[in-house]
Amino acid sequence: MTIRLYDTSARQIRDFAPLTPGCVSIYLCGATVQAAPHIGHVRSYLNFDIMRRWFQYRGYDVTFIRNVTDIDDKIIAKAAEQKRPWWSIGYENERAFNDGYAALGCLPPTYEPRATGHVTEMVEMMQGLIERGHAYESDGNVYFDVRSFPGYLELSRQELDNLLQPSGDGETGKRDPRDFAMWKSAKPGEPTWPTPWGRGRPGWHLECSAMAHKYLGTAFDIHGGGLDLIFPHHENEIAQAKAFGDDFAQYWVHNAWVTMAGDKMSKSLGNSVLVSEMVEEWRPIVLRYYLGTPHYRSMIEYSEDALREAESAFARIEGFVQRVVEKAGPVEPAAEVPPAFAEAMDDDLGVPQALAIVHTTVRQGNSALAADDKEAAVARLAEVRAMLGVLGLDPLDAHWAGESDRGDDLHGVVDSLVRLVLDQREAARARKDWATADAIRDQLSQSGLTIEDGPQGPRWTLGPR
């Protein structure tokens, strides 16, 4: 058994070999909390949540770090625009992100450090880089000298002579326009912290290098994030950490975006769909299916049609689960997933191929139910639960308990009303009035109910919208 991952730095799929046998250390660039999360933000953590679950299934002890960037240019700009303290905006949106992660069934990180809690570590890193000749102070700013680090741009594979380094206001005194800011000098109305070079605040890139060093040491296994972070953020992280003396990440794993009309979903483009709005309209487990089941390196083009397809596909899985439980009672997950599912997951987290095994097993289970083969149906459900558990999609898991029947207080009332109508349909069928029976079924279907006739009589479920 060998897990293989696509390593952005190598531009190829590599066998995963952990630094410490039996352990996996992961650092994921988390939220910049200037606004509430859209589904593109949550997709990234969902992908790495599935990665983490698979490593755990394979027996690894996983340390998972997801940082919070709670101070940066965007947060300060929002504070000025809304006339609110910067920290209140950051905290409000940090909670919104965590609510979104939890709603979609993501496991909490091992640690979730905030940038503002690690200024001491940032100052120590800058001091070390200045002593080694890789950084310099100018006008209260501290810059990284990109020409001092020969490996710069190896991740993004750009040419230094053609580089356009993003810069912010007040970044004066650079020796080279391609140098990037690690520390920004104090400006009126902005939060600041004391340093040997005067008061100021951290730059975005420095935060992650310092926090990864603090929580994972000089070397760790996997660094993750979205494709948009390869440059400048991850490139600059590497430069700071390695110039400081760290080996840093051994594998770089990047997820693709959620797009809308071909453009990356973004608050600044005005094309984002907030998680808080989506979970009001769609069941969270369906959103997880929609965002988590495409391959992590594939773009997801957002559309309601695609969401409805995901809803229908998950309903087929969930319907099988419910039917077996009704027939046989509770069924525990199998101790192991089917070999074909494991093979797909080992191969760069091939979730689409693994999901195909789930659907094949569901079809086999439905055939067993149709043949009244209870033992085979139970065996297939045990396998399905094991596979869905890895994907965080097991409808019988405690996290999702009751989620499929939101509004349980009304379920009994609705059930009684539907039963009255079904009794009328059964009476029509008994007197061979097929036209009336079909008309009742069609009316129920138009109301969003799916009717299935079985040996124990008709049963209803909420159908896909």
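Between His234 and Trp252, the ring planes are tilted. Angles from 30° to 60° get that label. Taking the six-membered ring where tryptophan is involved, the planes of Tyr57 and Trp54 are essentially parallel, since the angle between them stays under 30° and well short of 60°. In this pair, Phe220 and Tyr27 present their aromatic rings tilted. The plane angle is within the 30 to 60° band.
Atom CD of Glu121 sits in a crowded spot, with more than 12 heavy atoms from other residues, nucleotides or ligands closer than 6.0 Å. At most 12 heavy atoms of other shown residues, nucleotides or ligands fall within 6.0 angstrom of atom OH in Tyr91. Environment of CD in Glu301: crowded, with over 12 heavy atoms of neighbouring residues, nucleotides or ligands closer than 6.0 Å. The 12-atom threshold is exceeded at CD of Glu81, counting heavy atoms of other residues, nucleotides or ligands nearer than 6.0 Å. Heavy-atom neighbours of Lys187 NZ from other residues, nucleotides or ligands within 6.0 Å: above the threshold of 12.
Contact of the Thr110 side chain with the Val62 side chain is not registered, since no non-hydrogen atoms from C-beta on lie closer than 4.5 Å. Counting only heavy atoms from C-beta outward, the side chains of Met51 and Val253 approach each other to under 4.5 Å.
Evaluation of the side-chain contact (heavy atoms from CB on, under 4.5 Å) rule for Arg14 yields Asp7, Ala10, Gln12, Tyr251 as partners, not counting sequence neighbours. Annotation: side-chain contact (heavy atoms from CB on, under 4.5 Å) contacts of Pro18 (sequence neighbours excluded): Phe16, Tyr60, Asp221. Every residue was checked against the ring pair (Phe, Tyr, Trp, His ring centres under 6.0 Å) condition with Phe320, not counting sequence neighbours, and none meets it. Taking the side-chain contact (heavy atoms from CB on, under 4.5 Å) definition, one finds that Thr192 meets it with Ala186, Arg199, sequence neighbours left out. Under the rule for a salt bridge (charged side-chain N to carboxylate O under 4.0 Å, His left out), Glu137 has no partner lying at least two apart in sequence or in another chain. Here Glu154 pairs with nothing under the salt bridge (charged side-chain N to carboxylate O under 4.0 Å, His left out) rule; sequence neighbours left out. Applying the ring pair (Phe, Tyr, Trp, His ring centres under 6.0 Å) criterion to Tyr143, with sequence neighbours excluded, gives Tyr136. Taking Asp145 as the reference, nothing meets the salt bridge (charged side-chain N to carboxylate O under 4.0 Å, His left out) condition, with sequence neighbours excluded. Residues satisfying the salt bridge (charged side-chain N to carboxylate O under 4.0 Å, His left out) criterion with Asp49, sequence neighbours excluded, are Arg53, Arg288. Remark: Gln158 pairs with Leu153, Ser156, Leu163, Phe231 by the side-chain contact (heavy atoms from CB on, under 4.5 Å) rule, at least two apart or across chains.
For Asn93 (side chain) and Ala36 (main-chain N/O), a donor-acceptor pair under 3.5 Å exists by modelled atom type. A donor-acceptor contact shorter than 3.5 Å links the side chain of Asp176 to the backbone of Arg178. Between the Arg95 side chain and the Glu92 main chain, no donor and acceptor come within less than 3.5 Å of each other. In this structure, the side chain of Ser303 engages the main chain of Ala306 through a donor-acceptor pair within 3.5 Å. Listed for the Thr293 side chain is a donor-acceptor partner under 3.5 Å among the backbone atoms of Tyr289. A donor-acceptor pair under 3.5 Å links the side-chain atoms of Asp70 to the main chain of Thr116, judged by distance alone. Distance alone, capped at 3.5 Å, is enough to place a donor-acceptor pair between the Asp72 side chain and the Ile75 backbone. Panel note: side chain Ser138, backbone Gly173; a donor-acceptor pair is recorded below 3.5 Å. Looking at Asp179, its side chain never comes within 3.5 Å of a backbone N or O of Lys174 through a donor-acceptor pair. Without hydrogens or angle criteria, Ser88 side chain to Pro85 main chain gives a donor-acceptor distance under 3.5 Å.
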Take Leu229 and Cys29, measure what side-chain contact (heavy atoms from CB on, under 4.5 Å) needs, and give me the verdict at the end.
-> CA-CA 9 Å; Leu229 299 182; Cys29 282; 3.7 Å; yes
Between Tyr215 and Phe64, is a ring-ring contact (aromatic ring centres under 6.0 Å, His included) present by the stated rule, with each step listed?
-> CA-CA 10 Å; Tyr215 291 93; Phe64 195 106; over 10 Å; no
Evaluate the criterion side-chain hydrogen bond (donor to acceptor under 3.5 Å, both in side chains) for residue pair Asn366 and Arg323; output intermediate values, then yes/no.
-> CA-CA 9 Å; Asn366 281 328; Arg323 284 190 291 274; 3.1 Å; yes
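Scanning both residues, Ala103 and Val279, for their nearest heavy atoms gives CB-CG1, 4.3 Å. The two atoms that bring Leu46 and Leu104 nearest to each other are CD1-CD2, 3.8 Å, heavy atoms only. Taking each heavy atom of Ala115 and Thr69 in turn, the nearest pair found is CB-CA, 4.4 Å. Taking all atoms of both residues into account, the shortest heavy-atom contact from Ala377 to Leu369 is CB-CD2, 3.8 Å.
Rounding to the nearest 0.5 Å places OG1 of Thr195 at 12.5 Å from CE of Met122. To the nearest 0.5 angstrom, Ile39 atom CD1 is 6.5 Å from Leu307 atom CG. Remark: His233 NE2 to Ile230 CD1 distance equals 12.5 Å, nearest 0.5 Å.
In this structure, the ring of Phe248 has its center no less than 6.0 angstrom from the ring center of His213.
Ion pairing of Glu94 with Arg114 is present here, as a side-chain N (NZ or NE/NH1/NH2) and a carboxylate O approach within less than 4.0 Å. A salt bridge links Asp347 and Arg4; the closest N-O separation between the charged side-chain nitrogens and carboxylate oxygens is under 4.0 Å. The residues Glu318 and Arg283 are annotated as salt-bridged, a charged nitrogen and a carboxylate oxygen being separated by less than 4.0 angstrom. For the pair Arg385 and Asp397, the salt-bridge criterion is not met [side-chain N within less than 4.0 Å of a carboxylate O]. Note on Arg308 versus Glu311: no salt bridge recorded, every NZ/NE/NH1/NH2 to OD/OE distance being 4.0 Å or above.
For residues 164-189, the pairs satisfying ring pair (Phe, Tyr, Trp, His ring centres under 6.0 Å) are Phe144-Phe180, Phe180-His205, with sequence neighbours left out. Applying the side chain to side chain donor-acceptor pair (under 3.5 Å) definition to pairs two or more places apart or across chains, those involving residues 126-135 are His134-Ser148.
With no hydrogens or angles considered, a side-chain donor-acceptor pair links Asp139 and Thr172 at under 3.5 Å.
With Tyr152 as the aromatic partner, Arg147 does not meet the cation-pi criteria of under 6.0 angstrom to the ring centre and within 45 degrees of the ring axis.
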